[in-house]
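What you see is a predicted model; the values in this text were computed from it and never measured. Here is the naming used below: chain letters follow the sequence lines, and residue numbers restart at 1 for every chain.
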Amino acid sequence: MATEAKVDPMHQFTIEPLFGTDHWALGGFNIAFTNSALWMLISAVVLYAFMLGGMKRELVPGRWQMMVESMTGFIENMLSANVGKEGRKYLPYVFSLFMFILFANLLGLLPLGLVGLHPFTFTSHFTATGVLAILSFSIVLVVGFTKHGLHFFSLFVPHGTPLPMIPLIFVIELVSFLVRPFSLGLRLFVAMMAGHVLLEVLSSFVIGGANAGAFFMGLVSIPSFILMVAICALEILVAGIQAYVFALLTSLYINDAEHLH
Amino acid sequence: MPQISQLAATYSSQIFWMLVIFGAVFFLVGRGMAPKVLETMEGRDQKIAADLAAAEAARHEAQAQDDAWKAAAAKQRGEAQALIAAAKAEAAKAAEVRLAAAGADADAKVTAAEARIAAAREGALAEIETVAADAAAEIAARVAGLTVAADAARAAVKDVLHG
């Protein structure tokens, strides 16, 4: 029992410095190029390659150009529906956000373990999703205060609030506003981590059941494997939904900053 | 949970690379490529709208030309019918005149013929009187041995013939 290899479902989230860069530092802070950074780079490169297919700019688009255009049009629609005509200037940010998260989530699901590589889903780290959440939140703050000045605080007092309720409502709204970056970052991190842990746990059932003999293989391994297939499909859905939710909430928050209430 | 246990060791690297790589994505993809893709889509939409407008204008033009052609055709048909009516009226008039002339001619001929017939009858009657007078004189001479003067015989015949 003690010699048996233990499957640690959390091991997949371990960050390891690559290429002997663990001593890299900038201003005293460690900036080692880790497997997480590598997968950020891979996502960025794949996204860039995907977008190159949309740069043919033909009048009658091919399949690839059509895909890129439908993605861009999707974000453009979302922004114009949620923010209005001012939403156009946030397209570069929201589009980058959506596509980067989407590609990161999908690439992290690739079954590269079959060929000995280990995909790393950096969106399952709140240090990574937190940066994006704080970026979105900062944009909201910067836009809100530059556009409306101190009037931006009226965001925390909805129209028609009775006068005695204003202090209470103000505090509640302020707290719900300040919680936004945390909920934004944590939602993505938790959703991605939970899916990957679940897959890892189920795969350990498959392996453990198969090692325990034919009876347990039939009882445990095969049902677990079927469940894994279904959950893989669910995870692909979650990958898209979480990227969409992140971009949607960002555009809703930007709408608050642009138009108050 | 490596996210927490490795937090102190990895947070700076995570934040640094996230900012660098997402920054690159933002500038290259977000600012560089996405607006161009949108531009292409808008250009296409505008082209389609312009083409549709041009087609609509061409349809209107064709409709207007068709209307004009129909109006011209109706006008020409009216003119042609007026011409036909005028020609018909003229022909009818001419025919009437000629008919009248021919009628008059025929009337004159009939009158002349009637006059000739009357004259011939008159002549014939006179002839018969003469012949009858001669025959009466002859008969009188043969039967009664009377010599009747020609004038007396004629008067007698005339009396008999005319009551």
Side-chain angles (χ1 to χ4, degrees), chain A residues 10-15 17 21-22 24-26 28-34 36-38 40-41 43-44 47-48 50-52 54-61 65 68-69 71-73 75-76 88 91-97 99-100 122 124-132 135 189 193, chain B residues 1-70:
Chain A
M10 302 311 284
H11 178 72
Q12 56 177 325
F13 303 117
T14 311
I15 294 175
T21 57
D22 47 337
W24 281 11
L26 186 75
F29 291 103
N30 177 282
I31 54 159
F33 190 80
T34 59
S36 173
L38 175 69
M40 290 177 198
L41 188 64
S43 299
L47 173 56
Y48 187 81
F50 173 74
M51 288 301 287
L52 271 183
M55 299 309 287
K56 279 181 261 168
R57 315 194 67 177
E58 280 165 12
L59 187 63
V60 178
Q65 193 186 342
V68 175
E69 284 181 1
M71 283 298 191
T72 320
I75 297 297
E76 211 270 325
R88 194 60 182 270
L91 182 100
Y93 176 69
V94 179
F95 183 73
S96 311
L97 198 62
M99 294 304 278
F100 190 54
F122 64 85
S124 62
H125 276 257
F126 58 81
T127 39
T129 60
V131 172
L132 297 177
L135 265 179
F189 141 69
M193 190 187 74
Chain B
M1 187 165 175
Q3 285 95 333
I4 291 169
S5 59
Q6 288 189 310
L7 184 61
T10 60
Y11 78 97
S12 53
S13 147
Q14 285 279 81
I15 293 169
F16 173 77
W17 288 108
M18 193 68 187
L19 286 176
V20 168
I21 293 168
F22 184 69
V25 166
F26 173 69
F27 283 104
L28 286 176
V29 172
R31 303 201 71 156
M33 295 165 121
K36 283 189 189 135
V37 172
L38 267 190
E39 220 171 78
T40 312
M41 290 163 74
E42 268 161 17
R44 179 182 310 125
D45 289 350
Q46 274 165 14
K47 175 115 179 67
I48 290 169
D51 285 358
L52 281 178
E56 184 67 19
R59 202 179 66 81
H60 275 296
E61 172 73 8
Q63 185 75 46
Q65 279 187 3
D66 186 47
D67 287 349
W69 183 83
K70 273 182 183 154

Honestly, the part of Ala24(B) sitting under 4.5 Å from a heavy atom of chain A is neither
So for Leu132(A), is it side chain, backbone, both, or neither that comes closer than 4.5 Å to the heavy atoms of chain B? side chain
Compute the ring centroids of Phe126(A) and Tyr11(B), then answer whether they are less than 6.0 Å apart. no
For residues Phe100(A) and Met40(A), report the shortest heavy-atom separation together with the two atoms involved. CE1-O, 3.6 Å
Counting only non-hydrogen atoms closer than 4.5 Å, does Lys47(B) touch chain A with its backbone (N, CA, C, O), its side chain (CB onward), both, or neither? side chain
Looking at side-chain heavy atoms only, is the closest gap between Val25(B) and Met99(A) below 4.5 Å? no
Quick one: what part of Met55(A) sits under 4.5 Å from any heavy atom of chain B, side chain, backbone, both or neither? side chain
Would you say Arg44(B) has more than 12 foreign heavy atoms packed within less than 6.0 Å of its CZ? yes
Relative to chain A, which segment of Phe26(B) carries a heavy atom at a distance below 4.5 Å: side chain, backbone, both, or neither? both
How are the rings of Phe22(B) and Tyr93(A) set relative to one another: parallel (under 30°), tilted (30 to 60°) or perpendicular (over 60°)? perpendicular
Highest number of heavy-atom pairs under 4.5 Å with chain B: which of His125(A), Met71(A), Glu69(A), Met51(A)? Glu69(A)
Under 4.5 Å from a heavy atom of chain B, the part of Phe50(A) involved: neither
For the residue pair Ile21(B) and Ala37(A), what are the closest heavy atoms and their distance? CD1-O, 3.5 Å
So, Lys36(B) and Glu42(B), do they make that salt bridge, N to O below 4.0 Å? no
Residue pair Glu61(B) / Gln65(B), side-chain donor-acceptor N/O under 3.5 Å: yes
Is it the side chain or the backbone of Ile75(A) that comes within 4.5 Å of chain B heavy atoms, both, or neither? neither
Toward chain B, the part of Phe95(A) with a non-hydrogen atom under 4.5 Å: side chain
Looking at chain A, which one of Leu38(B), Leu19(B), Ile48(B), Ile15(B) has the largest number of heavy-atom pairs inside 4.5 Å, strictly under? Leu38(B)
Which of the residues Met41(B), Met33(B), Arg31(B), Glu39(B) is involved in the greatest number of heavy-atom pairs with chain A at under 4.5 angstrom? Met33(B)
Tyr48(A) versus chain B, the contacting section by heavy-atom distance below 4.5 Å: both
Check each atom of Glu76(A) against the heavy atoms of chain B and say whether the ones under 4.5 Å are side chain, backbone, both or neither. side chain
When Ser124(A), Gly73(A), Ser96(A), Gly130(A) are compared by non-hydrogen pairs under 4.5 Å with chain B, the top option: Ser96(A)
Does a side-chain N-to-carboxylate-O contact under 4.0 Å join Glu56(B) and Arg59(B)? yes
If I measure from the heavy atoms of chain B, does Met193(A) come under 4.5 Å with its side chain, its backbone, both, or neither? side chain
Where on Leu41(A) is there a heavy atom nearer than 4.5 Å to chain B: the side chain, the backbone, both, or neither? both
What pair of heavy atoms forms the shortest contact from Thr72(A) to Val37(B), and how long is it? OG1-CG1, 3.4 Å
